[in-house]
Each structure stands twice: as structure tokens, then as C-alpha cells.
Amino acid sequence: MRIRVINPNTTESMTALIEASARAAAGPGTVVEAVTPIMGPASIESHYDEALAVPGILRAIIDDSGADGYVLACFGDPGLDAARELASGPVAGIAEAAMHAAAMVGRGFSVVTTLSRTRGRAHDLAARYVAPGVCRGVHACDIPVLELEHDPAARKEVIALARHALERDGSDAIVLGCAGMAGFAAAASAELGVPVIDGVAAATVMVQSLVTLGLRTSTREEYAPPPAKSYTGLLREFTRS
Ligand SMILES: O=C(O)C[C@H]1NC(=O)NC1=O
């Protein structure tokens, strides 16, 4: 099978990091191709960024509608429902996959993410994905997304914050709240002694599992393909006949 992993931001080095994590998690019969959108923000750290990332995500699906499944590798799960209307195979967001995985290996998890301003979005997603009380808290290290891979202290700061989160929230698992933290999971888990979930790996394996089960998004109603419509201006290319 072939899984297309979409980095919703336009930073190639993050796409490479995401691809490495997805490939490490995928099984032997799964080809993983990570892709950087042709348009969008360099990183996603606000609602504005998230909104402007969606056209590039949808373009990346339209340009390769033949993949068996798709991963949206940004913790805000931008455009997830729209992607499900377009994609032929199952689509998973990394926040969705990580939170479901965390809920299956503990009684309550904490999220460690980047900027404080994105904590509300993480809470909103938790309210959609897991039962009340399972997400015990969302904590921000306030390291900008694109500095995660360049700041030598970032990994230690994320692990220290995760340790604080476990104590403060009384949680027993950690969700890494940024695709840029994909390389942190193993070291953090070894140091903290609890499951630490990298959403890129979790989403890749979940999509792989859904495809293996022969499952794809239902097109019966809400996730049916979008109706034919014209779009104007910068969105002209998205017109559907
Ligand atoms: O939402 C965040 O804080 C992290 C999110 N932003 C980004 O560019 N990739 C991400 O995973």
C-alpha cells in the first residue's frame, strides 16, 4: 500500500523529519511518501496559519488522489474533514491518532505542545476525539515550531515540561503536540517511564491498519465528494465540475 503523508506547512526540513518518523513506523509492505504543499505557511502557529494551510493540503490530495491513505501531519489537524471529502482512502490527523492511542494506553494523558496560543485548539480537538477527563491538560513550551529542530535545548525543555505535566495533571501518558517533535518520543519515553506518543507515527500506523481492514471513509452523506462548484480569485484552481 501507499500512504501519502502531508506536511501542512511548507518547510521542507520538517517534511523530511515527518517522513522519517512515518517510515520508521510503517510496515514492510507500506510505501510512505511525505509531501510539502505548493502553497501555505512556513509553520502553523495560529488560526490564520491554519486557515491558510488548508488550500495547500487539499491541493496535495487532488494532485495525488491515488494513494491508499493520507496523514495530515500538523497537530491542529487542519482541513481534516475537507480532506475526507476529497480523499479516496482513509485520512488521519496526527492529533486525532495520538489522542486515540494515548487513551488506549493510559487513563489520562497530557499534551505538550509549542506555543501557548495553540492550547485552545488542542483542547477543542480533545473534546472531539476523547471522553471528558481523558485529556488532563495541555502545556506549551513556547518554542516556535521551526526552532524545535534547531534549538539544542528544545528536547530537554520538552521532556522537562512533560515531567511537570505528568505531576500537575496526574496523567500517565504524554502526547507530543507538534509534528516537529516526532524525533523526541523514544528518548522522552525512556526518560519519563510513560508512553509518549508521536502523532506522525500513530497516524501512519492507524491509516495503515484501516487500509489493511479494507476500510475507507464513508461517502454516504457528510463525507461525500464536494458538489460541483466554481471558486474565484486565488481559489479558481479548486473549481469542480
Ligand atoms: O500546532 C502546532 O503548534 C504545531 C503544528 N504547527 C506546524 O507547523 N506543525 C505542527 O505540528
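Read the numbers this way: they start at 1 and go in the same order the structure lists the ligands and their atoms. Numbers for residues simply follow the sequence, beginning at 1. We use all heavy atoms of the structure for the numbers below, so side chains are in, but hydrogens, waters and symmetry mates are not.
Between the side chains of N9 and S43, no donor N or O sits under 3.5 Å from an acceptor N or O.
Remark: D169 pairs with S110, H139 by the side chain to side chain donor-acceptor pair (under 3.5 Å) rule, at least two apart or across chains. Residues satisfying the side chain to side chain donor-acceptor pair (under 3.5 Å) test with R155, not counting sequence neighbours, are none.
If you take CG on L72 and CD1 on I61, they are separated by 6.0 Å, rounding to the nearest 0.5 Å. Note that OG1 of T114 is 11.5 Å distant from CG of L176, once rounded to the nearest 0.5 Å.
Contact atoms of ligand 1 toward T114: 2 (C), 3 (O) (distance under 4.0 Å to a heavy atom of the residue). In the vicinity of A179, heavy-atom distances shorter than 4.0 Å reach the ligand 1 atoms 10 (C), 11 (O).
The part of T113 lying near ligand 1 is the side chain, judged by heavy-atom distances below 4.0 Å. At a 4.0 Å heavy-atom cut-off, ligand 1 touches I44 through backbone and side chain alike.
Protein heavy atom in closest approach to atom 4 (C) of ligand 1: C178 SG, 3.6 Å.
The existence of a salt bridge linking R4 and D64 is confirmed by a sub-4.0 Å separation between a basic side-chain nitrogen and an acidic carboxylate oxygen.
The N/O atoms of N9, backbone and side chain alike, include one that comes under 3.5 Å of an N/O atom in ligand 1. At a 3.5 angstrom cut-off on N or O pairs, F75 counts as close to ligand 1.
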